[in-house]
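First up is the structure itself, then whatever we jot down about it.
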Amino acid sequence: MRCQRPFATLLLLPLLACSATAAAQAGEPGGTIRAAATMGIDNWSDLGDVQPFLGGSFDDTGFGLDLGVHWLVGRTGPADVLLGFNLGGFFHDSNVRGIEEGEDLAASVVYLAPSVKFAFGSPGGRRLYVDAGIGYYGAAIDEMESDCYFGCDSYEYYDDDTLGGYAGLSADFPLGARMGGVRLTTGFAVHFVDFDSPVELDGASSLDGPIYAFQVGLAWGR
């Protein structure tokens, strides 16, 4: 199936990150909102195991982005409880040559998951978070037209969506009083998904999780 995939879709994450994190930065470090924008690497072994009829293989290591926005809703024992959402995606290259444009195929996963964070430590200081979420996950494998930036044509070989979830750990580290509450944040998450088999490319393989992600970025707010 031939379809239009404007690159404006890929710009959604950084635009949302700018607006959400700016709102959080306007508050005090101990306020009621926390926003974080991160990027890093992920590993999806099931994708690497796909053996396409076209030849070649997909990289099981890819690039990931995540935007998380959460609001303080209460406290349980030693932990603050924050509710919100995570929006992100994983992007993998390959050396599988497509039949439409003669370009290598690319695989991607996007997700939008309502999530909860349990925060340990002093607001504005070092904090440890235990994270979990469940929501929408969508996967695609397509061949993108080269040498274009907006409104690029793509030929889709695979498309599926499902209910999935993740669990993870993250930590914030202050960067100093002059940074106005901005903190370095690091996180590790395991995403659990179960997509349909990519029979269009390999009738004997699956595209299940887990997907392991390690990301680093900046956090604002609580």
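Every residue two or more places apart in sequence or in another chain that forms a side-chain hydrogen bond (donor to acceptor under 3.5 Å, both in side chains) with Thr185 is listed here: Arg34, Asp172. For Ser122, there are no side-chain hydrogen bond (donor to acceptor under 3.5 Å, both in side chains) partners at least two apart in sequence or on another chain. Not counting sequence neighbours, the partners of Leu112 by the side chain to side chain contact (heavy atoms under 4.5 Å, CB included) test are Phe85, Leu87. When the side chain to side chain contact (heavy atoms under 4.5 Å, CB included) test is applied to Ala79, the partners found at least two apart in sequence or on another chain are Phe118, Phe120. With sequence neighbours excluded, the residues satisfying side chain to side chain contact (heavy atoms under 4.5 Å, CB included) with Ser197 are Val199, Ser206.
When each of Asp80, Val81, Thr32 is paired with Val73, the side chain to side chain contact (heavy atoms under 4.5 Å, CB included) condition holds for Val81 and for no other.
Taking CE of Met39 as the start and CG of Asp66 as the end, the distance is 11.0 Å to the nearest 0.5 Å. In this structure, Thr162 OG1 and Leu207 CG are separated by 12.0 Å, a value rounded to the nearest 0.5 Å.
Closest approach of Gly68 and Asn86 over heavy atoms only: CA-ND2, 3.7 Å. When all heavy atoms are compared, the tightest approach of Ser115 to His70 is OG-NE2, 2.7 Å.
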May I have the list of side-chain donor-acceptor pairs in residues 48-61 shorter than 3.5 Å, sequence neighbours left out?
none

Under 3.5 Å, side-chain donor or acceptor atoms of residues 208-215 against the rest of the protein: list the pairs with distances, not counting sequence neighbours.
residue : atom : partner : partner atom : Å
Gln215  : OE1  : Thr38   : OG1          : 2.8
Gln215  : NE2  : Gly64   : O            : 3.4

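Of the possible polar contacts, one joining the Glu143 side chain to the Glu103 backbone as a donor-acceptor pair under 3.5 Å is found. Checked by atom type and distance alone, the side chain of Arg183 never pairs as donor or acceptor with a backbone atom of Ala219 at under 3.5 Å.
Under the 4.5 Å side-chain heavy-atom criterion for ILVMFWY residues, a single connected hydrophobic cluster contains both Val216 and Leu218. Tracing side-chain contacts under 4.5 Å through hydrophobic residues (I, L, V, M, F, W, Y), one never reaches Tyr129 starting from Leu169; they form parts of separate clusters. Side-chain heavy atoms closer than 4.5 Å link hydrophobic residues (I, L, V, M, F, W, Y) into clusters, and following such links, even through other members, never connects Val116 to Ile33.
Taking a 4.5 Å side-chain heavy-atom cut-off between Ile, Leu, Val, Met, Phe, Trp and Tyr, the cluster of Tyr136 extends to Val110. Counting side-chain heavy-atom gaps under 4.5 Å among Ile, Leu, Val, Met, Phe, Trp and Tyr, Ile41 is found in no cluster with other residues.
When side chains are defined from C-beta on, Val193 does not count as touching Val109, because their heavy atoms never get closer than 4.5 Å. No side-chain heavy atom of Phe63 sits less than 4.5 Å from a side-chain heavy atom of Asp93.
The ring-ring contact (aromatic ring centres under 6.0 Å, His included) pairs that include a residue from residues 184-204 are Phe90-His191, Tyr111-His191, Tyr137-His191, Tyr166-His191, where partners are two or more places apart or lie in different chains. Within the structure, every pair that satisfies the salt bridge (charged side-chain N to carboxylate O under 4.0 Å, His left out) test and touches residues 110-119, not counting sequence neighbours, is listed here: Lys117-Asp131.
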